[in-house]
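The chain is numbered in sequence order, starting from 1.
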Amino acid sequence: FMRELLKSWRKQDEYRSILAGMREKKITVLSGLSALPKAALAAALFEDNCGPLLFLTAEESEAMVLAEDLRPFLGDQVLHFPVLELLPFEVYAHNIELVSARVSTLSRLVSGEKLLVVSCVNAVTRRLAPPAVFAGQHMPLRTGERRDLSRLAAQFADMGYERTALTEIPGTFSLRGSIIDIFPITGERPYRLEFFDDEIESIRYFDPAKQLSQEKIKDIFLPPARELPVDGAARQRAALKLEAELTDALRKLRGENRRRAEQTFQPLLEFLDQGLWDNALEMLTNYFYADAGSIFDYLPGGMTLLSEPQY
């Protein structure tokens, strides 16, 4: 039935006109369609183009429904890129599922997969690390290779993983003697790396509840734990720029305004100086990366569909 819907669209002159317009303009607005015909049209357009496709909606609720409607046509090639709000000067509540979905989408895009990404306008307005930076923060690890334990732990922290006493939830890692446990932000099961000197002797899954090792695997590929991975060089760039701008601003401010500026930005400088992470640092994305962009930079050669708002 689903394939018949796609065939019916392809027979129509309107479809061929939309397809030609997309290839020329790259951005197309879909209007006057109910949910299922809209999903079928988007699936057909996606299959008939060689690159990725971004389908934008006005509201998050519509994006979620549209993604579900598209999956019967395209399976796991359909990804929902959800809203993750970071309001100015506020720290948002850390939601692992949303972070995981966004990181997974960006990881699959930088790997070159052809995907149909469904999102709403608010979800794509956040600034992101340049695709090359994000891609470079993925880490392959294999049994038998040599890694310095301390350096590896520091790299995990740069990738956004939080060091904890026990690794029990996605986005965390722990170091105990010659063992490193890490739970990928996008994974269902954590990994245990056992070292002999500086060699990875074994890699196993383990049960995070019982902390018991399970079956062995040969290699793993770890994504960043957040969409804004930050290494030492990026921290230094951000700290220097923020300190210079804050110093200049404080010379001009007096009284309550000066106090508020200090209370807001001084803690951020301390986080940067101490190598710590706080979600409030995401407001400094352009300080970390002068060429920070958006999800559109992760879609080279891609096209965009806009769903007309339903009122």
Evaluate the side chain to side chain contact (heavy atoms under 4.5 Å, CB included) criterion for residues M64 and C120: first the C-alpha distance (whole Å), next the side-chain angles of each, then the deciding distance (0.1 Å), finally the verdict. CA-CA 9 Å; M64 294 171 68; C120 73; over 6 Å; no
How far apart are the C-alpha atoms of Y161 and F173, what are their side-chain angles, what is the distance that settles it, and do they pass the ring pair (Phe, Tyr, Trp, His ring centres under 6.0 Å) test? CA-CA 6 Å; Y161 288 89; F173 79 98; 7.2 Å; no
T164/S174 under side chain to side chain donor-acceptor pair (under 3.5 Å): CA gap, chis, key distance, verdict: CA-CA 5 Å; T164 54; S174 56; 5.3 Å; no
Taking it one step at a time, do L45 and I18 satisfy side chain to side chain contact (heavy atoms under 4.5 Å, CB included)? CA-CA 9 Å; L45 291 169; I18 293 172; 4.0 Å; yes
Test ring pair (Phe, Tyr, Trp, His ring centres under 6.0 Å) on Y191 and Y205 and set out the steps. CA-CA 5 Å; Y191 303 118; Y205 290 113; 5.4 Å; yes
With side chain to side chain donor-acceptor pair (under 3.5 Å) as the test, would you mind laying out the steps for S107 and H138 before giving the verdict? CA-CA 8 Å; S107 292; H138 291 68; 2.8 Å; yes
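Residue K218 holds its NZ atom at 9.0 Å from OG1 of T143, rounded to the nearest 0.5 Å. Atom CG of L299 and atom OG1 of T304 lie 7.0 Å apart (nearest 0.5 Å). One distance of note links CZ of F55 with CG of L79; it measures 15.0 Å at 0.5 Å rounding. Taking CD1 from I169 and CZ from F183, the interatomic distance works out to 9.0 Å, rounded to the nearest 0.5 Å.
Of all heavy-atom pairs between A261 and L246, the closest is O-CD1, 4.2 Å. Scanning both residues, G21 and T28, for their nearest heavy atoms gives C-OG1, 4.4 Å. What you find for S213 and E194 is that their closest heavy atoms are OG-OE2, 4.3 Å. A pairwise comparison of heavy atoms in P170 and G187 identifies CG-O, 4.4 Å as the closest pair. V103 approaches R226 most closely through the heavy-atom pair CG2-C, 3.7 Å. Closest of all the heavy-atom pairs between F134 and P229 is CD1-CD, 4.0 Å.
In this structure a side-chain-to-backbone donor-acceptor pair under 3.5 Å is missing from N257 to R254. A donor-acceptor contact shorter than 3.5 Å is absent between the side chain of R204 and the backbone of L212. The closest donor-acceptor contact from the side chain of S178 to the backbone of F196 lies at 3.5 Å or more, if one exists at all. Formation of a donor-acceptor pair under 3.5 Å by the T167 side chain with backbone atoms of D181 is found in this model. Looking at S100, its side chain does come within 3.5 Å of a backbone N or O of I185 through a donor-acceptor pair. In this structure a side-chain-to-backbone donor-acceptor pair under 3.5 Å is missing from R126 to S294. In this structure, R258 contributes its side chain and L250 its backbone to a donor-acceptor pair below 3.5 Å. Formation of a donor-acceptor pair under 3.5 Å by the T105 side chain with backbone atoms of A101 is found in this model. T285 contributes a side-chain N or O that, together with a main-chain N or O of E282, makes up a donor-acceptor pair within less than 3.5 Å. A donor-acceptor pair is defined here as one N or O able to donate and one able to accept, closer than 3.5 Å; such a pair exists between the side chain of D148 and the backbone of R151.
Hydrophobic clustering (ILVMFWY, side-chain heavy atoms < 4.5 Å, transitive): L268 and L253 are in distinct clusters. Residues L30 and V121 fall into different hydrophobic clusters, defined by Ile, Leu, Val, Met, Phe, Trp and Tyr side chains chained together at heavy-atom separations under 4.5 Å. Note on F73 and L41: same hydrophobic cluster, where clusters join Ile, Leu, Val, Met, Phe, Trp and Tyr whose side-chain heavy atoms are under 4.5 Å apart, directly or indirectly.
Salt-bridge formation is detected for the pair R147/E145: a Lys NZ or Arg NE/NH1/NH2 atom is positioned less than 4.0 Å from an Asp or Glu carboxylate oxygen. Taking a cutoff of 4.0 Å between a charged side-chain nitrogen and a carboxylate oxygen, E256 and R259 qualify as a salt bridge. Ion pair D48/R10 flagged as a salt bridge, since at least one NZ, NE, NH1 or NH2 atom sits closer than 4.0 Å to an Asp/Glu carboxylate oxygen. With respect to D231 and R235, no salt bridge is recorded, no charged nitrogen being found less than 4.0 Å from a carboxylate O. At a threshold of 4.0 Å, the pair E47-K114 does not count as salt-bridged, since none of the basic side-chain nitrogens sits closer than that to a carboxylate oxygen. D207 and R189 are not joined by a salt bridge, as no carboxylate oxygen comes within less than 4.0 angstrom of a charged side-chain nitrogen.
A cation-pi arrangement is absent between R16 and W9, since the terminal nitrogen or guanidinium carbon is not both under 6.0 Å from the aromatic centre and inside a 45° cone about the axis. Both the sub-6.0 Å distance and the 45° axial angle are satisfied by R102 relative to the ring of F81.
Remark: E60 CD is packed, more than 12 non-hydrogen atoms of other residues, nucleotides or ligands lying under 6.0 Å away. Counting heavy atoms of neighbouring residues, nucleotides and ligands inside a 6.0 Å radius, atom CD of Q274 exceeds 12 of them.
Tested against L149 for a side-chain contact (heavy atoms from CB on, under 4.5 Å), the candidates D197, I180, L193 yield a single pass: I180.
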